[in-house]
Structures are given as C-alpha cells and as structure tokens.
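For reference, the structure is listed below as structure tokens.
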Amino acid sequence: MRKKIVAGNWKMNNDLTESQSLITEVRGIIRDELRLDNVDVILFPTYFALPSCVRLLEGTGIHSGAQNCHQEKSGAFTGEVSASMVKAIGASHVIIGHSERRQYFGENNETCNSKIQAAVEQELTVLYCIGETLEERESNTHYDILKAQLIEGLNDISAQQLNNVVIAYEPVWAIGTGKTASSEQAQEIHAFLREQLTTKYGEAVAQGVRILYGGSVKPDIAKELFSQGDIDGGLIGGASLKARDFAEIVRAAQ
Ligand code: PEP
C-alpha cells in the first residue's frame with residue numbers, strides 16, 4: 001500500500017508575507033479538518049519563503065521543499081542554490097525537472113540526472129517530473145519520450161536511492177491549461193511508467209515507487225484521478241495557491 005502524496009508547487013508566486021499567510025491558512029485547515037496518516041502533504045514555495053515555511057510547518061507533519069536545486073555543492077553559479085543548502089535550512093523535498101525548467105531553463109534528462117544524484121546524496125526526497133508535449137502525444141512518440149525521461153533521469157540511481165525518489169507525470173499540455181488528462185489516460189501512462197521501473201529495478205521495488213499526476217488538478221476531479229491503481233497522488237500548481245482548493249485535494253487523497 002503506497003501512501004499518497006499531495007504536493008503544492010507555488011512556482012514564482014507569493015511574496016514572503018503572502019507565502020506566510022497561505023502556509024498558515026493551509027496549516028490551519030489541515031489541523032482542524034484532515035488527517036495526515038495516509039497522505040503526505042508537501043508545500044513548495046519560492047526559495048525566498050522556504051525557511052519561513054520550514055519554521056511555520058514544524059511539528060505539523062506537513063513537509064516543505066524547494067522547486068529546484070543546482071547539481072554542484074557550491075561555487076561560481078550566480079543565482080543558484082545547492083541541494084545541501086536546501087537540506088541545511090531543514091527542507092525535506094525538492095522538485096527536479098519540472099517542464100518549466102526544461103522549457104525555459106534548458107534542463108534536459110542529463111542535467112536532471114545530476115540534480116537527482118546531488119539531491120539524494122543529501123537525503124532529500126526528489127519529485128522527478130516528466131511529461132510529453134501535445135505535439136509528442138499527437139505524433140504518438142510520447143511513450144519513447146517518457147521512457148527516455150524516466151530512464152535517463154534515473155541513470156545510476158540505485159534501488160536503495162530510489163526510496164528517495166517520487167515520479168511526477170505531468171503532461172505539458174495539461175499544465176496550467178485547465179485541460180486535465182482523463183483518469184484513463186493518466187492511469188495508462190502511470191502503468192507504463194511502473195512497467196519501465198519494473199524492468200529496471202524489479203517488481204518489488206517498482207511497486208513501492210509513488211507516481212503522482214500533475215496537470216490542472218482541481219478538487220472536483222482529484223478523487224477520480226487518485227482512485228486509479230497506479231496514481232499515488234498529485235502535484236498541484238494553480239489550485240495549490242488557494243488554501244481551500246488545496247485542502248479539498250488533500251481530502252480527496254484520504
Ligand atoms: C505544476 O506546475 O506542476 C502543475 C501541475 O500546474 P497546474 O496544476 O497549474 O497545471
């Protein structure tokens with residue numbers, strides 16, 4: 001039985017004060033209305049708000065993480081933050097390979113792999129994002145693309161290290177567009193990804209890996225998505241910016 005995950009990716013939204021009030025609101029609703037025994041909740045604010053997030057969530061059972069990290073520990077990489085720095089402020093998770101990083105910042109499977117190596121070395125839990133574009137889906141190349149993203153991103157990651165890796169399937173055509181993959185479409189891809197993990201790591205290991213769906217998840221469709229056999233929760237963008245919507249998605253995962 002895999003524990004579900006609901007993660008909120010705030011992207012470049014909310015200044016420090018706004019972040020603090022959203023964290024406080026989410027924390028309050030979860031404390032008063034929800035249980036965390038069968039779902040892991042993670043908030044990913046900007047780097048700027050992350051130390052505050054860690055402090056505000058202390059003792060609540062809600063986790064915090066960074067939206068990215070650099071693969072090197074330190075050095076002349078202006079504007080970057082390393083995995084060890086994320087770890088040092090007390091965050092537990094990091095998103096790697098979000099499609100916006102791939103699209104706007106030139107990240108590829110190889111860069112993602114170096115970042116995953118750096119993050120697992122720090123014992124951060126990685127949410128590794130993969131997903132096809134509309135063009136790739138329409139030309140029926142999406143299975144090859146997804147397989148390459150998965151396998152190249154996990155190059156040299158051992159079965160032991162995979163305990164610290166969660167896969168997030170996020171079709172690019174569904175991110176921020178209001179177009180969600182149907183639960184059948186998503187389940188089909190999740191099953192395919194688990195099959196690829198089985199080939200690489202064996203059945204027992206692959207069955208333990210959590211695979212999240214991301215792409216315009218809203219409270220009204222969350223339950224249906226999360227009830228699919230291979231969908232272990234969601235990575236939520238837009239809807240995570242509203243405390244009530246995000247909390248309802250957490251409720252759907254319970
Ligand atoms: C995301 O950014 O990871 C995401 C899934 O965004 P949205 O929910 O807004 O589509």
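All ligand and atom numbering here is 1-based and tracks the order in the structure.
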Which of the numbered atoms in ligand 1 are under 4.0 angstrom from any heavy atom belonging to [X]?
X	result
Asn9	1 (C), 2 (O), 3 (O)
Gly215	5 (C), 10 (O)
Gly238	7 (P), 8 (O), 9 (O)
Ala174	10 (O)

Original post:
Quick one: nearest non-hydrogen protein atom to atom 5 (C) of ligand 1, plus distance?
Top reply: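 For this ligand atom, the closest protein heavy atom is Glu170 OE2, 3.1 Å.
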
**OP:** Identify the protein heavy atom lying closest to atom 1 (C) of ligand 1, giving its residue, its atom name and the separation to 0.1 Å.
**Re:**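 The closest one turns out to be His98 NE2, 3.2 Å.
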
**OP:** May I ask you to check if ligand 1 and Thr177 share an N or O to N or O distance below 3.5 Å?
**Re:**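 In this structure, Thr177 places no N or O atom under 3.5 Å from an N or O of ligand 1.
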
Original post:
Just wondering, do Ile95 and Asn68 contact through their side chains at under 4.5 Å, heavy atoms?
Top reply: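 Counting from C-beta outward, Asn68 and Ile95 never come under 4.5 Å.
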
Original post:
So do Thr46 and Trp10 actually touch side chain to side chain, heavy atoms under 4.5 Å?
Top reply: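 When only atoms from C-beta onward are counted, Thr46 and Trp10 do not touch, as no gap falls below 4.5 Å.
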
Output yes when [X] and [Y] qualify as a salt bridge under the 4.0 Å nitrogen-oxygen rule, no when they do not.
X	Y	answer
Lys115	Glu107	yes
Asp232	Arg2	yes
Glu121	Lys73	yes
Arg251	Glu33	yes

Original post:
For ligand 1, is there an atom lying under 4.0 Å from some heavy atom of Ser216?
Top reply: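 Yes; Ser216 lies near enough to ligand 1 that a heavy-atom distance drops under 4.0 Å.
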
Subject >> Selected option - heavy-atom contact closest to atom 10 (O) of ligand 1, from Gly237, Gly176, Gly214 >> reply: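 Selected option, by shortest heavy-atom distance: Gly176.
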
Original post:
If you measure only the distance, is there a donor-acceptor pair under 3.5 Å linking the side chains of Gln149 and Asn109?
Top reply: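 Side-chain D/A pair, Gln149 to Asn109: absent.
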
